[in-house]
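Numbers here are sequence positions counted from 1.
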Amino acid sequence: MIRPAPLATAVQAAVPSAAPEPAKRRATPSPAAGRRRKKTGAVPAAKERKPRKRTSRRRPAKRGAAKPARPRHRRIPVEHEAQVPIDDPAAHPAAGVGEGRDAYEAGYERGLYEGGEQLLEQLVPPGALLEEIGLREVLAAGLAARAPQLYPLAEPALVYEELTHAIESKQPYALVRLGDGELLTLAQDTVFDAETIRREGRFLPYAGVTPPDLAARDLVAMAVRQANRVGVPVARRKHFQLLLHPVLRHHGIDPAGLRLTSSTINYGLQQSGLLPHLLTGRRLLLIGDKAPALAEALVSRGFTVTGIVSPVNGFAAIDRVIHEASFIEYDLALVSAGVPAVVICWRLATEFGRVALDFGHLADALGKGQLSV
């Protein structure tokens, strides 16, 4: 390990020495300057004030040059970093894996170790050495052994076929999607208490839910049970797939009983090129705050929009939305209304026999021209 003293010396050597401060050059005042500091009220002659004016003009530059260096912001070269063994239990928990290393990199390496390699390390029996094998390979082998517990997710092509068949046969069909907003709504007073929901779901009012709202929670749960397809997150993050299973369990919903797809199936249809085929020749109803911009984008590309329902101000607006939609002739409803979209799609299908797709933020991207169809 490099000792602190040589390391500090090396850093200081790399910093240019500061120029002397102007005040130090005036340590021995001239007689004229001395008279100016006396409280006599005497005014110095004009020729004696000239040097002072020149000094005053130079002062800002000198003061800026004399600012003390801040070596803590300098990137320490790799050769000066202390190498702490990652398997050293005394050194590792302290501040990372490298003295002077950037905090982000140190935290990333520590998290990567504790979230993966350390877990594998703890599973190896005492007195044994695992052969040279990567963590990814170990996970793949373990996942293969759990294949019977994998739930199939419908690909965009299959979802496209289902939507097309429902439209042409005039059968009800609701595709809803569960993201962090929907899962946190379902987690109210089930997985998380009210304080946790308020703290970790600060965005929920923007998504159409103002906690606590247990009525909204129960409506979303009912919609999930009865939807034709349910999009679920594949990202194993705290409020996505890691929250999905506890939420479904608390509501008594068996994932094996749901017809699942990815929660990003809306983007999957667009990226696979199937979305324009789905929309061509259909009468479209657009629901949500971004519906006007989306309508303009779709009409400009030759699609037919027969109705717009906007805005959708949370769960309190659902009844109005359903009522307005009942007077519009359409083949497919694209609903972009936050968490209420799950309930709207479900009610359009169950109450009116319509085909409804939870369109989500894809409406924003298409309306702004960020993506095309």
Side-chain angles (χ1 to χ4, degrees), residues 143 147 150-183 220 223-237 240-241 244-245 248 253 255-288 290-291 294-295 297-298 301-305 330-339 341-342 344-346 348-349 354-373:
L143 189 59
L150 296 177
Y151 303 109
L153 301 181
E155 296 292 336
L158 177 56
V159 172
Y160 166 78
E161 291 178 3
E162 292 179 354
L163 286 165
T164 301
H165 175 72
I167 293 172
E168 294 177 350
S169 61
K170 299 187 182 301
Q171 295 181 3
Y173 187 98
L175 191 159
V176 304
R177 302 178 305 109
L178 302 180
D180 54 348
E182 290 78 13
L183 292 174
V220 172
V224 170
R225 288 189 185 96
Q226 299 185 11
N228 299 86
R229 279 283 174 191
V230 180
V232 294
V234 297
R236 293 183 60 83
R237 295 182 180 274
F240 290 87
Q241 191 177 133
L244 171 68
H245 293 291
L248 295 182
I253 301 174
L258 300 177
R259 303 175 70 241
L260 302 174
T261 186
S262 168
S263 60
T264 58
I265 186 61
N266 50 343
Y267 290 97
L269 291 169
Q270 186 270 338
Q271 292 170 358
S272 64
L274 294 171
L275 185 60
H277 297 289
L278 178 66
L279 304 184
T280 299
R282 317 293 188 194
R283 297 171 298 174
L284 304 176
L285 167 62
L286 309 182
I287 298 176
K290 305 300 180 180
L294 176 60
L298 293 178
R301 289 167 173 79
F303 299 105
T304 303
V305 176
Y330 61 97
D331 302 307
L332 173 64
L334 304 180
V335 186
S336 301
V339 180
V342 174
I344 293 172
C345 288
W346 164 61
L348 290 177
R354 300 292 190 169
V355 180
L357 170 61
D358 185 349
F359 210 53
H361 286 291
L362 184 55
D364 301 62
L366 295 176
K368 293 177 181 178
Q370 297 169 343
L371 293 175
S372 61
V373 60

Colleague: Do P233 and L183 have side-chain heavy atoms sitting under 4.5 Å apart?
Modeller: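 With C-beta onward as the side chain, the pair touches.
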
Colleague: List the atom of G273, the atom of H277, and the distance in Å for their closest heavy-atom pair.
Modeller: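 Heavy-atom minimum between the residues: O-CD2, 3.2 Å.
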
Colleague: Could you check if a side-chain atom of L285 sits within less than 4.5 angstrom of a side-chain atom of L334, using non-hydrogen atoms only?
Modeller: no

Colleague: Do L175 and N228 have side-chain heavy atoms sitting under 4.5 Å apart?
Modeller: no

Colleague: State whether the side chain of Q226 and the backbone N or O of A223 hold a donor-acceptor pair below 3.5 Å, judged by distance alone.
Modeller: no

Colleague: Are the side chains of L258 and Y151 in contact, using a 4.5 Å heavy-atom criterion?
Modeller: no

Colleague: A quick test of your reading: do over 12 heavy atoms of other residues, nucleotides or ligands sit less than 6.0 Å from CD of E155?
Modeller: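 Count not over threshold, so no.
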
Colleague: Using 0.5 Å steps for rounding, measure from the CG atom of L274 to the CG atom of L158.
Modeller: 11.0 Å

Colleague: If you define the side chain from C-beta out and look only at heavy atoms, does anything of Y330 sit under 4.5 Å from V355?
Modeller: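 Of all side-chain heavy-atom pairs linking V355 with Y330, none is under 4.5 Å.
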
Colleague: Find the distance between CG (L279) and CG (D331) and round it off to the nearest 0.5 Å.
Modeller: 11.0 Å

Colleague: Starting at CG of L163, measure out to CD of E168 and round the result to the nearest 0.5 Å.
Modeller: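 Going from the CG atom of L163 to the CD atom of E168 covers 11.0 Å.
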
Colleague: Short question: side chain of D180, backbone of F240 - any donor-acceptor pair under 3.5 Å?
Modeller: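 Not a single qualifying donor-acceptor pair exists.
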
Colleague: What do the steps show when you test R301 against S372 for side-chain contact (heavy atoms from CB on, under 4.5 Å), and what is the final call?
Modeller: CA-CA 9 Å; R301 289 167 173 79; S372 61; 4.3 Å; yes

Colleague: Per the side-chain contact (heavy atoms from CB on, under 4.5 Å) rule, which among V159, L260, V230 passes with I265?
Modeller: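 Exactly one pass, corresponding to V159.
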
Colleague: Identify whether the distance between the nearest side-chain nitrogen and carboxylate oxygen of E162 and R229 falls below 4.0 Å.
Modeller: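 The answer is yes: the pair qualifies as a salt bridge.
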
Colleague: Closest heavy-atom contact between C345 and V176?
Modeller: CB-CG1, 4.1 Å

Colleague: With heavy-atom distances below 4.5 Å as the criterion, would you say the side chains of L269 and F359 are in contact?
Modeller: no

Colleague: Roughly how far apart are I167 CD1 and R354 CZ, rounded to 0.5 Å?
Modeller: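 CZ of R354 is found 11.5 Å from CD1 of I167.
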
Colleague: May I ask you to test the V335-D358 pair for a side-chain heavy-atom distance under 4.5 Å?
Modeller: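 In short, these two side chains do not touch, never coming nearer than 4.5 Å.
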
Colleague: Please give me the minimum heavy-atom distance between L348 and A333, naming the atom from each residue.
Modeller: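 Smallest interatomic distance, heavy atoms only, reads CD1-CB, 3.9 Å.
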
Colleague: To the nearest 0.5 Å, how far apart are OH in Y267 and CG in L371?
Modeller: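 Interatomic distance, Y267 OH to L371 CG, rounded to 0.5 Å: 7.0 Å.
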
Colleague: If only atom types and distance count, is the side chain of Q270 paired as donor or acceptor with the main-chain N or O of L275 below 3.5 Å?
Modeller: no

Colleague: In Å, rounded to the nearest 0.5 Å, how long is the span from OG of S262 to CZ of R177?
Modeller: 9.0 Å

Colleague: So which atom in A363 and which in S336 form the shortest heavy-atom distance, rounded to 0.1 Å?
Modeller: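 Residues A363 and S336, closest heavy atoms: CB-OG, 3.2 Å.
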
Colleague: Is there a side-chain contact between R282 and T164 (heavy atoms, below 4.5 Å)?
Modeller: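 R282 vs T164: side chains touch.
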
